[in-house]
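The structure under discussion appears below in the form of structure tokens.
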Amino acid sequence: MHEVSLGATLRDYLTGQDVDHTTYEELRQALARLLVEELGHPRGLVEPRVRVRFDAPPVGDAASFSPSPSSSPSPEPSYASESTADPDEGCRVVDLTLRDDDGSPLCLVLFCPGAPGTYARESVAAARLFPGGPAPLVAVTDTRDALLVAAVDGAVLGEGMRALPKRDDLRRLAAEHPCPPLTPERAAGERRILGAYTAFLKRCCGEDVCLL
């Protein structure tokens, strides 16, 4: 099943704001609750819905994040070809970002409506291109299974839902697998990869209903 709007709203667990109720949004909300209430991540350091752009390189400094008890999506950097018509055009939305105390990204968490392994490569590209990053770790999960992957080389660090990192382990894991900034040539390649995967998913389900 592809993600479609159900014509209603849900209260976001992290921000308290109303968000579109879709076929998968309740699973994302449950995932956010798991990260906070069971794995110990401070609510103010779990950021929802950060856009990673692949249509053009950013202009100026990367986006900043200010930790707070009730985090809202952070401002984004400006892009050379960004259109105001559709903020999701030319980007992939990261469901949840686990941040360090200083706001730097430690791990991206992406929900996938299928086998996590089939979404690993595009998720690594998102981590490498993440604003203010790269993010050293990325977790992909359908809420029943999960992969934890190092962004630097795509190595699988853990499998199963227990692979989702606890707060106490997150900084250590990130330090053990640092991901250096990309060269402009490497970044361009990662943008092409992320754009190709995103375009393929949209074509599969039809852009008139797809919310990827």
Side-chain angles (χ1 to χ4, degrees), residues 3 10-53 62-76 87-88 91-114 116 119-120 122-151 157-158 160-171 173-174 179 194 198 211-212:
E3 184 165 23
L10 289 175
R11 183 62 57 87
D12 186 80
Y13 172 76
L14 294 170
T15 67
Q17 300 173 353
D18 288 338
V19 296
D20 192 22
H21 187 185
T22 71
T23 45
Y24 295 129
E25 188 56 39
E26 287 185 349
L27 295 176
R28 291 191 182 93
Q29 295 298 319
L31 183 58
R33 188 180 296 273
L34 170 71
L35 292 169
V36 172
E37 298 184 5
E38 297 189 31
L39 299 182
H41 297 281
R43 187 182 300 220
L45 295 177
V46 182
E47 185 180 15
R49 296 179 295 281
V50 177
R51 295 180 179 91
V52 177
R53 303 207 67 91
S64 60
F65 172 83
S66 298
S68 64
S70 57
S71 170
S72 298
S74 60
E76 297 180 46
D88 290 342
C91 72
R92 190 64 184 271
V93 179
V94 173
D95 297 299
L96 300 161
T97 302
L98 306 180
R99 294 187 178 270
D100 206 346
D101 294 342
D102 63 1
S104 59
L106 295 176
C107 181
L108 310 187
V109 182
L110 289 96
F111 170 79
C112 64
Y119 293 81
E122 64 185 288
S123 300
V124 166
R128 292 171 177 171
L129 295 170
F130 195 80
L137 305 171
V138 57
V140 191
T141 179
D142 62 359
T143 72
R144 294 178 295 179
D145 194 12
L147 288 179
L148 181 66
V149 181
L157 305 179
M161 291 302 289
R162 291 187 178 182
L164 296 178
K166 296 180 179 179
R167 184 66 186 180
D168 292 343
D169 299 328
L170 183 59
R171 188 179 287 118
L173 286 168
C179 186
L194 187 58
T198 302
L211 297 178
L212 289 172

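The model shown is predicted, which means the values in this text are computed figures rather than measured ones. Every heavy atom of this structure was used, including side-chain atoms; hydrogens, water molecules and symmetry mates were not. Residue indices begin at 1 and follow the sequence shown.
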Heavy-atom check, side chain of [X] versus side chain of [Y], under 4.5 Å:
X	Y	value
Thr15	Pro48	yes
Asp142	Cys112	yes
Val36	Leu14	yes
Asp95	Leu31	no

Chi angles and distances behind the side chain to side chain contact (heavy atoms under 4.5 Å, CB included) call for Val19, Arg28: CA-CA 11 Å; Val19 296; Arg28 291 191 182 93; over 6 Å; no
What's the separation between atom [atom1] in [X] and atom [atom2] in [Y], rounded to the nearest 0.5 Å?
X	Y	atom1	atom2	result
Leu27	Leu34	CG	CG	12.0 Å
Gln29	Phe111	CD	CZ	12.0 Å
Leu45	Leu35	CG	CG	12.0 Å
Glu38	Met161	CD	CE	9.0 Å

Side chain to side chain contact (heavy atoms under 4.5 Å, CB included) assessment of Leu129 paired with Arg92: CA-CA 10 Å; Leu129 295 170; Arg92 190 64 184 271; over 6 Å; no
Side chain to side chain contact (heavy atoms under 4.5 Å, CB included) assessment of Leu170 paired with Leu137: CA-CA 9 Å; Leu170 183 59; Leu137 305 171; 3.8 Å; yes
Step-by-step side chain to side chain contact (heavy atoms under 4.5 Å, CB included) determination, Leu110 to Tyr119: CA-CA 9 Å; Leu110 289 96; Tyr119 293 81; over 6 Å; no
For the residue pair [X] and [Y], what are the closest heavy atoms and their distance?
X	Y	result
Cys91	Thr198	O-CG2, 4.2 Å
Arg49	Val93	CA-CG1, 3.7 Å
Pro136	Ala174	CG-CB, 3.6 Å
Pro131	Val52	CD-CG2, 4.1 Å
Ser123	Val140	OG-CG2, 3.4 Å

Side chain of [X], backbone of [Y]: donor and acceptor closer than 3.5 Å?
X	Y	value
Arg11	Gly16	yes
Asp102	Ser104	yes
His41	Pro165	yes

N-O pairing of Asp101 and Arg167 below 4.0 Å: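 Arg167 and Asp101: salt-bridged.
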Single hit among Asp100, Leu148, Leu96, Thr97 for side chain to side chain contact (heavy atoms under 4.5 Å, CB included) with Cys107: Leu148
Residues which pass side chain to side chain contact (heavy atoms under 4.5 Å, CB included) with Ala151, listed by chain and number, not counting sequence neighbours: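 Here the qualifying residues are Ala127, Arg128, Cys179.
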Donor + acceptor pair across side chains of Arg43, Tyr13 (<3.5 Å):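 Yes.
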